[in-house]
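Both ligands and their constituent atoms are indexed starting at 1 by order of listing.
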Amino acid sequence: MEIRDNNDTIVAVASGVGGAIAIIRISGSSAIAICDTVIRCRSGKKLADAKGYTLHYADIVDGDGSVVDDVIVSLFRNPVSYTGEDMIELSCHASSYIQKEILNLLVNNGARVATAGEFTIRAFLAGKLDLSQAEAIADMISSTDKASHAMASNQMRGGYSMDFIDLRDKLVELISLIELELDFSEEDVEFVDRTALLNILDQIISKVDTLKSTFSLGNALKDGIAVAIVGSPNAGKSTLLNALLKDDRAMVSDIAGTTRDVIEESLILNDVRYRFLDTAGIRATDDALEQMGIQRTFSTIERAQVVVLMIDSATCILDKDHICYVKTLIDALDVHEGQQLVLVFNKLDSLTYLELKAIDTLACTLADNGYSIVSMSAKQGDGIDCLRDVLVDLVDTSKLYSGCTIVSNARHYDALNSAFTSLQIAKQSLESNISSDLLSQDLREVLHNLGLITGDITTDDILGSIFSKFCIGK
Ligand code: GDP
């Protein structure tokens, strides 16, 4: 995406589809003059004579003098507007015909239709917000729950940027101390002792490491925690999904292998969105279609943060070596480090008293081995709350509401990783007394990477790729 001419006056519908009222935004040096050609304020005044932060009841009039709609005009004068430019927001009736007519009138009178995110690019270029704040606006718009909203809100309000500004200040302090030495290198003096420098560097490394470590939580919270429900055919996966959602969204049937596609449904638990993925049952099969479904199950498992393994307790009990039966199921999943596995013993209602006792003993042994266990009858709805509690406990949201910075943006995470690598190299250089100029180069690399996050360093390519993901009108 190319960054378009900033001198144009741009226009776009800023509101979504549906509703009673739509908002059309115009921004740029000619915004007020262009609006005055098509807007007749009921007060008889021209917008050109009005102050910023004022509202006006007005008619939109086309070239023939016919009224297209009556609107409320919100007038913002530069620099106190979202974009920092003269800006007008027209609240019109939400008919798509009216919106199109007004857009056409404004374009015919000199405005240009805005590209995706162009209002926010202008806000960024005018210094109204930094790049991470601009990105948070897109996250804010797409937030679906309290957790993703809290992260986007902290980032948008600048709390997030403060952490990076602090880091940058510390880094600049360190670089200037090192470069001061460089200026006097001929005289072979050491201005600051290396232990003090190492101390500052360690503080920076620790902060970058902490920020980096928040990404897995941030990323999961932003997109919703992916929970793959897996197991053999007929273990009760679809029944569990239905019980969780309390409706009949997933297809429940007695014929093994019915859930061939991955079904996704979301549920908010304790302010966090969990995306439940009901998968095709895993078993050896010659059916090509079923094999494709099973393949998809494995790629779903790979992407999930939590894997819920449904075990049909009645089948498990038939196997003489219960532990071996369960371990074989677990091994088949290939759950990797960082993923949470929850074992669910289902269909307890179909067991005899003695069988229940045996499952209980098995569950205790597995729990002693560190497994997370839930016993349930999905069909009767028993144990569902227990599973919900286990899922809620897996996510520590305390950081979220205590104002801690949580990195949820992959671009920022990449930059932090690169910064971390350069910091490690700088630390080795410092410890082995390598010359100050090389040290300073590594630290400047760190500064560069942190600058990529806040937007102190940008290129059109970076801006283009970020803002092309925005909607038009934002
Ligand atoms: P899936 O193939 O793993 O998705 O299994 P389904 O959810 O389609 O269930 C297969 C069969 O097991 C259906 O007849 C369900 O009614 C039954 N079922 C599921 N959960 C339970 C349970 O807790 N108890 C009993 N008795 N039957 C269950």
* Asked: atom 21 (C) of ligand 1: which of M310, K379, M376 has the nearest heavy atom?
  -> K379

* Does any N or O in the side chain of D8 come within less than 3.5 Å of the main-chain N or O of I10, such that one atom is a donor and the other an acceptor? -> no

Polar proximity ligand 1 side, [X] side, N/O cut 3.5 Å exclusive:
| X | result |
| --- | --- |
| T239 | yes |
| K237 | yes |
| Q380 | no |
| A235 | yes |

* To do: With heavy atoms of D349 as the reference, note each atom of ligand 1 found under 4.0 Å away.
  => 22 (C), 23 (O), 24 (N), 25 (C), 26 (N)

* Run the numbers for me: atoms of ligand 1, each under 4.0 Å from some heavy atom of G236, listed by number. => 1 (P), 3 (O), 5 (O), 6 (P), 7 (O), 9 (O), 19 (C)

* To do: Run the numbers on R168 and D456 for salt bridge (charged side-chain N to carboxylate O under 4.0 Å, His left out), then give the verdict.
  => CA-CA 11 Å; R168 190 190 55 200; D456 295 331; 2.6 Å; yes

* Asked: Between Y53 and F76, how do the two ring planes meet: parallel, tilted or perpendicular, split at 30° and 60°?
  -> perpendicular

* Parallel, tilted or perpendicular, as decided by the 30° and 60° cut-offs, for the rings of F164 and H412 -> perpendicular

* Asked: Would K427 and D442 pass as an ion pair if we require N to O under 4.0 Å?
  -> no

* Asked: Between D278 and K237, does at least one N-O distance fall below 4.0 Å, as a salt bridge requires?
  -> no

